[in-house]
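Only one structure is covered here, and it is reproduced in the block below.
In each ligand, atom 1 is the first atom listed, and ligand 1 is the first ligand listed.
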Amino acid sequence: MAKIHTLGFPRIGKHRELKRALEAYWNQKIDKPAFTQQIEALEAQRFESFSHLDLVQVGDFSLYDHVLDTSFLFSNVPQRALQSRDSLDNYFRVARGKASINDCCAASASQMTKWFDTNYHYIVPEFNQDTVFSLNSDALLGKVRHARSQGFEVKPVIIGPLTYLYLGEVSDNTPVLDLLDKLLNEYKLLLNQLAKLGVSWVQIDEPALVTELSPQWQFAYKYAYEVLKHAQVKLLLTTYFGDLGDNYKLVCELPVAGIHVDLTRAQIDASALADRLLPEQVLSLGVIDGRNVWVSDLSELIEKLQALAQKKGDLLWLAPSCSLLHTPVDINTETNLPAQVKPWLAFAQQKLEELHTLKVALGPNPGAASAALLANKKAIEYKKRSALRSRPEVQASINAIEPSWYVRDKSFTQRYAQQADLINLPQFPTTTIGSFPQTPEIRKLRQQYKARAITLNEYEKGLEQHIAQCIAQQEEIGLDVLVHGEAERNDMVEYFASYLNGMLTTDFAWVQSYGSRCVKPPIIYGDISRKTSMTVKWIRFAQGLTAKPVKGMLTGPVTILNWSFVRDDQPRALTAKQIALAVREEVLELEANGTQIIQIDEAALREGLPLKRAQWTEYLSWAIDAFKLSAGGVKNETQIHTHMCYSQFNDILPDIQRMDADVITIETARSQMKLLDAFNDFKYANSIGPGVYDIHSPNIPSVKDIESLMKRAMDQLPSERLWVNPDCGLKTRAWPEVKSALENLVEAALALRQNQVSV
Ligand SMILES: Nc1nc2c(c(=O)[nH]1)N[C@@H](CNc1ccc(C(=O)N[C@@H](CCC(=O)N[C@@H](CCC(=O)N[C@@H](CCC(=O)O)C(=O)O)C(=O)O)C(=O)O)cc1)CN2
Ligand SMILES: [Zn+2]
């Protein structure tokens with residue numbers, strides 16, 4: 001009989017217990033024993049969800065990030081963070097950095113970047129030629145022992161050695177694969193320790209196998225798994241997020257006891273794959289979509305899997321396509337979803353239930369699954385037939401799009417001159433990326449409104465006060481282009497979703513984005529159009545308070561798409577176009593209301609790139625078009641900004657150029673402006689605001705830091721096309737630090753203007 005398991009489960013808890021425990025601990029509201037106790041309770045809650053699983057994963061839970069855990073597992077921790085004897089303290093220091101206290105003990109955080117093509121961020125391992133690895137497995141072994149003592153068949157989960165190396169960054173010129181042998185020694189030790197504890201299966205995650213690998217990397221895979229095959233445990237090698245592509249043959253031939261493939265994203269013929277494997281090898285099929293929230297068509301799956309289940313027996317394992325980290329925890333926490341749509345949805349808990357139904361239906365007593373199957377059939381039928389998905393007027397407006405809508409009237413150079421005449425800005429204009437601190441007061445105000453403790457009018461008056469304070473602060477700091485601060489937004493995507501037909505927002509469907517930070521990705525279920533204007537009244541209000549220009553602030557179509565759960569019945573390109581039209585309407589309404597500068601954030605454009613380069617052109621073609629469609633309608637005098645963070649753009653600069661934003665603000669502080677070399681080499685023609693303030697860290701950049709970063713920027717790009725701004729929005733920071741940092745930023749810009757830079 002087929003076995004069921006999952007590659008991972010959300011860590012945050014049904015009620016974001018992880019967030020609450022972490023933030024209380026960081027803010028010294030609770031001490032370490034209380035923190036540990038809360039975490040133990042959360043882990044116990046998670047285990048309750050695993051009662052039907054044949055193998056229960058251990059090691060997928062993490063206090064911050066599983067890649068960072070792996071770095072600690074092998075003691076690959078940056079020296080600068082090893083300041084405390086308390087390893088938890090050091091752990092959070094790598095993750096978050098630490099501000100200096102009386103000029104002592106500051107440590108910059110490690111870089112954080114996107115986990116493959118998801119909105120989850122991991123802490124980038126740091127390597128150099130002197131990197132040594134040393135196994136430190138106490139924490140993992142403790143968890144394994146604990147789970148085993150509760151009677152579970154435990155399957156430890158670790159990141160594979162090659163994916164770990166693949167995810168890191170080397171600070172010197174050492175080829176990262178030179179570190180492989182050293183690392184493999186520690187993996188061998190670890191696997192043998194696990195074997196000694198009585199573990200029989202270890203899940204070893206190698207999602208790098210769905211990317212295009214050079215022959216050298218392919219060879220490294222063969223080599224590594226030849227070395228690891230001598231361990232006394234069975235390895236389940238997991239791949240996910242896509243097709244194996246050219247690595248298919250390689251994977252089939254690796255000497256492991258089982259492999260897992262993602263059947264929701266890959267066109268893999270499961271029975272052909274089963275035939276390729278040795279009869280005794282386990283085939284784990286990722287049949288339930290771990291990246292989306294729709295119910296699975298279980299009857300269809302049963303039909304597909306029946307023969308294979310017969311043939312492989314308990315060597316067929318069924319699982320979600322990837323870890324369920326990327327889905328919300330439990331649909332039952334939602335109480336306000338429309339009754340028509342709720343039955344279409346399955347969150348992590350429901351996905352495990354779907355697996356159980358599959359297992360029973362494929363087993364000796366399929367009748368026991370018939371009630372669950374019937375309910376599933378109904379939901380699928382209902383979703384297919386529903387009229388909710390279609391809006392003929394949206395389809396008509398898509399058909400009415402003209403090619404000229406995508407392009408600005410004049411070239412950048414001409415627009416630059418026209419905008420300079422109208423918007424009077426100094427050299428090195430200073431600005432911010434949009435959000436200012438989302439203070440407890442703002443959150444409380446919104447919570448009161450949601451709980452109907454205050455009226456809409458009271459809520460909006462409250463927001464106006466926050467916006468007015470934000471404008472006053474910026475004037476005091478002396479910034480040139482102001483923002484309203486985004487107080488009215490719970491999230492830059494969710495807020496817009498609530499003004500769009502065809503999209504649903506939820507109350508509690510949280511998904512971890514990084515550390516304690518979570519998002520509630522909206523759910524796109526139908527054709528999209530703008531219900532009403534979305535931001536105009538706030539921008540008008542803010543502009544009414546100041547003589548300085550206030551930027552309009554919108555989230556772009558590609559980012560709204562990539563940070564939502566998408567409908568599965570039409571291409572993403574078409575959905576993006578629908579969103580682009582809605583954003584375009586808002587852009588034009590802002591312009592008509594006198595807004596001279598409009599920023600359209602495309603923070604998630606880079607993240608949406610397919611993991612295989614061969615598919616990039618197609619994606620970039622429609623994604624950039626969607627941005628251009630949203631922005632292309634304005635007059636030459638209107639300045640369009642865009643913003644992107646966490647992005648390696650080196651490979652896509654022609655596409656960034658094609659966006660033709662007048663100004664692009666990017667994240668460059670943590671990487672010391674490295675990215676600008678590429679902009680220079682490419683001869684990027686428009687204006688750039690390279691981030692000079694790493695907003696993910698509590699560290700406050702000094703005037704000197706900022707000046708020296710800007711100096712580097714000036715080495716690469718002409719001063720007249722440079723702006724001075726932070727890396728990203730300031731919503732996660734607190735006012736005192738934001739104020740100091742921005743004061744320094746303005747002072748640095750003044751010095752640059754007066755040519756008084758000393759560095
Ligand atoms: N969608 C998305 N993806 C993104 C980003 C982004 O901004 N949005 N930024 C990048 C980094 N990721 C981030 C993701 C989340 C947050 C973030 O700040 N999240 C907040 C939640 C934001 C939110 O929805 N806030 C709600 C408040 C919800 C809440 O917690 N309410 C409290 C009650 C209010 C209180 O007392 O605080 C509760 O339910 O208990 C609001 O403002 O209304 C958090 O985890 O704390 C920041 C960066 C990349 N990906
Ligand atoms: Zn950003």
Side-chain angles (χ1 to χ4, degrees), residues 12-20 22-24 26-27 65 96 112-115 117-122 326 328 333 432-451 453 459 462-463 466 483 485-498 503 505-522 553 555-556 558-565 599-608 641-647 664-670 689-691 693-696 725-734:
I12 52 173
K14 283 189 184 172
H15 306 285
R16 286 185 298 159
E17 288 84 347
L18 177 61
K19 175 188 181 65
R20 295 184 207 291
L22 282 172
E23 292 178 0
W26 292 335
N27 298 328
D65 164 47
R96 313 171 64 226
M112 187 166 76
T113 196
K114 296 282 173 171
W115 174 247
D117 59 351
T118 72
N119 193 5
Y120 175 79
H121 307 65
Y122 71 91
H326 313 288
T333 53
T432 61
I433 306 303
S435 57
F436 268 83
Q438 281 271 330
T439 56
E441 294 74 36
I442 298 178
R443 294 262 162 90
K444 188 155 172 234
L445 186 71
R446 188 156 28 252
Q447 196 188 22
Q448 285 175 324
Y449 171 57
K450 268 176 83 177
Y459 176 55
L463 290 177
H466 288 288
V483 296
E486 303 182 21
E488 81 288 8
R489 298 179 196 178
N490 47 2
D491 175 76
M492 60 185 282
V493 166
E494 198 182 355
Y495 175 80
F496 288 93
S498 66
M503 291 185 81
T505 55
T506 64
D507 288 327
F508 304 107
W510 295 98
V511 175
Q512 188 177 23
S513 182
Y514 67 88
S516 70
R517 297 287 172 175
C518 303
V519 295
K520 283 181 277 155
M553 194 55 59
T555 303
V558 186
T559 299
I560 294 181
L561 178 84
N562 284 342
W563 285 348
S564 299
F565 291 115
Q599 178 171 315
I600 307 172
D601 291 325
E602 282 294 18
L605 189 127
R606 173 72 176 75
E607 140 193 339
H641 289 214
T642 189
H643 162 73
M644 296 185 185
C645 34
Y646 303 113
S647 289
I664 180 172
T665 55
I666 54 178
E667 175 180 319
T668 39
R670 270 195 201 186
Y693 165 19
D694 168 18
I695 59 85
H696 294 292
N725 48 258
D727 265 344
C728 187
L730 303 166
K731 67 181 166 199
T732 59
R733 304 256 58 98

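The OG atom of Ser516 sits 11.0 Å away from atom CZ of Arg20, with the distance rounded to the nearest 0.5 Å. One finds the NZ atom of Lys14 at 13.5 Å from the CZ atom of Phe508 (value rounded to the nearest 0.5 Å). Rounding to the nearest 0.5 Å places CZ of Arg96 at 11.0 Å from CE of Met112.
Distances below 4.0 Å separate heavy atoms of Gln438 from the following atoms of ligand 1: 42 (O). Listed by atom number, the atoms of ligand 1 under 4.0 Å from Lys731 heavy atoms are 6 (C), 7 (O), 47 (C). Set against the non-hydrogen atoms of Arg446, the atoms of ligand 1 under 4.0 Å away are 41 (C), 42 (O), 43 (O). Near Trp510, the atoms of ligand 1 lying under 4.0 angstrom from a non-hydrogen atom of the residue are 21 (C), 23 (C), 24 (O), 28 (C). For ligand 1, the atoms lying closer than 4.0 Å to a non-hydrogen atom of Thr732 are 18 (O), 47 (C). Each of the atoms 44 (C), 45 (O), 46 (O) of ligand 1 lies under 4.0 Å from some heavy atom of Lys19. Below 4.0 Å from some heavy atom of Arg20 lie the following atoms of ligand 1, by number and element: 40 (O).
Of the protein's non-hydrogen atoms, Trp563 CH2, 4.0 Å is the one closest to atom 9 (N) of ligand 1. Counting only heavy atoms of the protein, atom 17 (C) of ligand 1 lies nearest to Arg517 CD, 3.6 Å. Here the protein heavy atom with the shortest distance to atom 48 (C) of ligand 1 is Tyr514 CE2, 3.7 Å. Of the protein's non-hydrogen atoms, Tyr646 CE1, 4.0 Å is the one closest to atom 10 (C) of ligand 1.
Nearest residue to atom 36 (O) of ligand 1 from Gln447, Lys114, Glu23 is Gln447 (criterion: closest heavy atom). Among Glu607, Lys520, Arg443, Arg16, the residue whose heavy atom lies closest to atom 30 (O) of ligand 1 is Arg16. Compare Pro440, Cys518, Ser564 by their heavy atoms: the one nearest to atom 45 (O) of ligand 1 is in Cys518. With distances taken over non-hydrogen atoms, the option nearest atom 23 (C) of ligand 1 out of Asn490, Leu445, Ile442 is Asn490.
Relative ring orientation between Trp115 and Tyr122 is described as perpendicular, the plane-to-plane angle rising above 60° on a 0-90° scale split at 30° and 60°.
Of the candidates Asp601, Ile664, Asn725, Thr559, Asp601 is the only one forming a side chain to side chain contact (heavy atoms under 4.5 Å, CB included) with His643.
Inclusion of Asn119 in the set of residues having an N or O under 3.5 Å from an N or O of ligand 1 is warranted. At a 3.5 angstrom cut-off on N or O pairs, Ser513 counts as close to ligand 1. In terms of N/O distances under 3.5 Å, ligand 1 is approached by Asp491.
Around the Zn ion (ligand 2), the protein contributes the following N, O or S atoms at distances under 2.8 Å: His643 NE2, Cys645 SG, Cys728 SG.
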